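The sequence lines fix the lettering, A, B, ..., with proteins before strands; numbering per chain opens at 1. Worth saying up front: this structure is predicted, and the values here are computed from it rather than measured.
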Protein chains: 2
Amino acid sequence: MANIREIAKEAGVSVATVSRVLNGYPYVREEKRNAVWEAVEKLNYTKNINAVHLAKGKTSIIGVMLPYVNHPYFGAILEGISKEALRHRYHLLLFQTNYDVEKELEALEMMRMKQVDGLIICSHVAGWNVIEEYKEDGPIVLCENVGDKDFLSVYIDHYESFAKALRYLIRKGHRHIGYCIGRTTGTNSKARETAYYDTLRQIGVEPRKEWIFDHCLYVEDGKRVIHQWMDLSEKPSALLVSSDQVAAGIVLWGRKEGVKIPDDLAIVSFDNHPISEPLQITTMELPLALMGTKAFRLIYHYIETGNIVKKKEKLPVRFMERSSV
Amino acid sequence: MANIREIAKEAGVSVATVSRVLNGYPYVREEKRNAVWEAVEKLNYTKNINAVHLAKGKTSIIGVMLPYVNHPYFGAILEGISKEALRHRYHLLLFQTNYDVEKELEALEMMRMKQVDGLIICSHVAGWNVIEEYKEDGPIVLCENVGDKDFLSVYIDHYESFAKALRYLIRKGHRHIGYCIGRTTGTNSKARETAYYDTLRQIGVEPRKEWIFDHCLYVEDGKRVIHQWMDLSEKPSALLVSSDQVAAGIVLWGRKEGVKIPDDLAIVSFDNHPISEPLQITTMELPLALMGTKAFRLIYHYIETGNIVKKKEKLPVRFMERSSV
DNA sequence: CTGTTAGCGCGTTCAG
DNA sequence: CTGAACGCGCTAACAG
């Protein structure tokens, strides 16, 4: 595999000139420029990008940390990131963590080792103190509300949107309300939990632990939920569901069991995934792709200019009223 | 940022010894080993992985070329790749192409530039001759039937499975059959088209162009299809649908329009995505995650050992008979 | 067991 | 406009 030195020899110029030509540096005499390109052609030369990375101390790669690659929630964020990365000729290195701290640390270490120029954290389990350790090593953007912590962040206010959905159910006459969530830890989940407790207590209703369904991520989890719900001696009349996938599962499996939506069970979901529309599920639209896009922009802008326009950005949600309540 | 030389000085050893310690090379005296780790600790040292890549001529990164990151079909393949990559401590660099040849070329170029050690092509538009150009630059695995061409490949026989589904419909008495597909070009799509024409002609039925629905990828495309279907003066009585997402859209939007499945319209779909089960869609299960896993293994094994166990592997599909026919 | 040294391939001053 | 030379940080062959 030819290298820049061989090209230089072949073209009868120095390596510096080759480098200039290769990188479109303007002040090179026409004839030398042509000679270089000819040599490149003749020797079938290609840059070794690792050498470029080493010499420049930069890779134009952004790391993306997420628990699962094949879930519509993260898929949508990833899509947003990817679209914007494409525009700016950046590449994406995937760090699937399965919510394993070890894997998360590996992603962070990869930034320290200069494998990636920055890191977008879509979701995590590692504590703040752990992530803070890596702040010197490159820009980190989190897709969650980081509160007062000194991090870049693009987020959806899950407290607010959860509370809003809850108040909607309450307005519609519901008092017995449960919810389904992907996990119980994590910033977003905690925010929703707090919203749940706060809002119910405001109307003097005691929240019930057995009405909280954990590990709800996929369509099939909806099947489990509706069956558990049916087995409950005291049933909630409404459910807040953190994912349209799960809501679809609940609605569809519920139908097979003769559960009437919304009469037997009302549902408000989140995402506004296309599946929710024909199912007539009332849902809170989350701008996931936009969040990814903005996260990339934030990090990109920081890398390219060294400064920050807006440290934290809250994205608006949109309530899609349909007929599952 | 400290480098290996500074560590060597601090620990009072040579850079080679530092490298040995860092990489777990066994024959280093205990005390020197400790001295190195102490220096590492003290100077807060981390390897620059780009230097490692350059020196070794290898990155332990595999490129994944796919058109869309947020589609369940590719998400499932990606999941399989990712899972296996995780096991072997490899990383994944994402190349989203949107079926743009330029983007595909970029991915291939990245392998030539040694950014990635190998490339998994989940789907592509570039011609064989284009891809062949890069065979010298690293292992390429395709997730499609490459026929006689000299490529590594793990694939699902779409001709066979499409024909099988078609014959099932025919056995059930259908003669007017159409199909929905993501795109009309590409190996897999061509295989299905051929299967369609071949099988129908075998029973003396003339295929109809207006019963072929293109650009069917997402739930919302099912909405379009069912409306187009309704507007048809002569309607097919059955539809083969290349994706469960689209099938779900057809079924659900169809219900809203009063279309009875299977009486008005029978459906056989592909994937066996969890959404198809509560919808009772008869579907052909495609081992997508497995395909990803096997693709990774193939490339991994080649990279690590330099030889190939099985060049091409066909994966079995499973027919899930439910009640949409 | 350990140190020396020659690469790996490119970017980037700094003279001229 | 151009070239020499050094730096990026690490690996691995070789000598001892």
Side-chain angles (χ1 to χ4, degrees), chain A residues 1-37 39-40 43-61 109-117 137-138, chain B residues 1-40 43-61 109-117 137-138 303:
Chain A
M1 188 74 12
N3 63 25
I4 201 175
R5 211 160 15 242
E6 297 178 44
I7 299 298
K9 195 186 294 173
E10 177 70 29
V13 300
S14 75
V15 293
T17 298
V18 176
S19 177
R20 289 188 189 106
V21 173
L22 257 33
N23 295 303
Y25 183 81
Y27 307 117
V28 177
R29 204 178 302 162
E30 187 73 13
E31 56 202 83
K32 300 223 176 199
R33 183 181 300 281
N34 293 144
V36 168
W37 283 123
V40 164
L43 300 185
N44 191 23
Y45 165 83
T46 311
K47 250 191 234 207
N48 180 321
I49 206 150
N50 293 311
V52 177
H53 291 168
L54 176 59
K56 303 192 17 166
K58 181 177 180 309
T59 60
S60 294
I61 299 176
E109 281 295 332
M110 281 316 225
M111 185 163 72
R112 176 164 289 175
M113 296 197 278
K114 305 198 175 303
Q115 167 75 270
V116 297
D117 295 342
D137 302 307
Chain B
M1 186 79 9
N3 62 26
I4 202 175
R5 212 163 11 247
E6 297 178 43
I7 300 298
K9 195 186 294 173
E10 177 71 29
V13 299
S14 74
V15 292
T17 298
V18 175
S19 177
R20 289 187 188 106
V21 172
L22 256 34
N23 295 302
Y25 184 81
Y27 308 116
V28 177
R29 204 179 302 163
E30 186 73 14
E31 57 201 85
K32 300 220 175 197
R33 183 181 302 280
N34 294 144
V36 168
W37 283 123
E38 274 170 34
V40 164
L43 301 185
N44 192 24
Y45 165 83
T46 312
K47 250 192 239 209
N48 181 321
I49 207 151
N50 293 312
V52 177
H53 291 169
L54 176 60
K56 302 189 33 158
K58 181 179 181 305
T59 60
S60 295
I61 299 176
E109 281 295 333
M110 281 315 224
M111 184 163 72
R112 178 164 285 172
M113 296 198 281
K114 304 197 176 305
Q115 167 74 269
V116 298
D117 295 342
D137 302 307
I303 290 173

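- Rounded to whole angstrom, the span from the CD atom of B/E6 across to the C1' atom of D/dG7 amounts to 13 Å.
- Interatomic distance, CD of A/Q115 versus CD1 of B/I61, reported as 4.0 Å (0.5 Å rounding).
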Heteroatom pairs (N/O) under 3.5 angstrom, protein to nucleotides 8-10 of chain D:
from   : atom 1 : to    : atom 2 : distance (Å)
D/dC10 : OP1    : B/Y45 : OH     : 2.1
D/dC10 : OP1    : B/N48 : N      : 3.4
D/dC10 : OP2    : B/I4  : N      : 2.4

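- Atom CD1 of A/I7 is separated from atom P of C/dG11 by 13 Å (rounded to the nearest Å).
- Between A/Y25 atom OH and D/dG3 atom P the separation is 13 Å, expressed in whole Å.
- Within 6.0 Å of NZ in A/K56 there are 12 or fewer heavy atoms belonging to other residues, nucleotides or ligands.
- The backbone N or O of A/E6 lies less than 3.5 Å from a partner atom in the side chain of A/N3, making a donor-acceptor pair.
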### Task
Decide side chain to side chain contact (heavy atoms under 4.5 Å, CB included) for A/L22 and A/W37; before the verdict, give the C-alpha distance in whole Å, the side-chain angles of both, and the deciding distance to 0.1 Å.
CA-CA 8 Å; A/L22 257 33; A/W37 283 123; 4.2 Å; yes
Nucleotides 13-16 of chain D: which of its N/O atoms have a protein N/O under 3.5 Å away?
none

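- Residue contacts for B/V13: at a heavy-atom cut-off of 4.0 Å it reaches the sugar-phosphate backbone alone, with no base atom in range.
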Would you be so kind as to tabulate the donor-acceptor pairs closer than 3.5 Å made by side chains of residues 7-15 of chain B, with sequence neighbours excluded?
from  : atom 1 : to    : atom 2 : distance (Å)
B/E10 : OE2    : B/K42 : NZ     : 2.8
B/S14 : OG     : B/A16 : N      : 3.4
B/S14 : OG     : B/T17 : N      : 3.3
B/S14 : OG     : B/T17 : OG1    : 3.4

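- In this structure, B/M113 places its CE atom 11 Å from P of C/dC10, rounding to the nearest Å.
- Closest approach of A/R20 to A/V28, counting heavy atoms only: CB-CG2, 3.9 Å.
- For A/T17, a side-chain nitrogen or oxygen approaches OP1 or OP2 of D/dG3 to under 4.0 Å.
- Checked options A/N50, A/V52, A/T46; the residue passing with A/N48 is A/N50 (criterion: side-chain contact (heavy atoms from CB on, under 4.5 Å)).
- Between A/I49 and B/E109 the shortest side-chain heavy-atom distance does not fall below 4.5 Å.
- In terms of phosphate contacts, B/K58 brings no side-chain nitrogen or oxygen within less than 4.0 Å of OP1 or OP2 of D/dT11.
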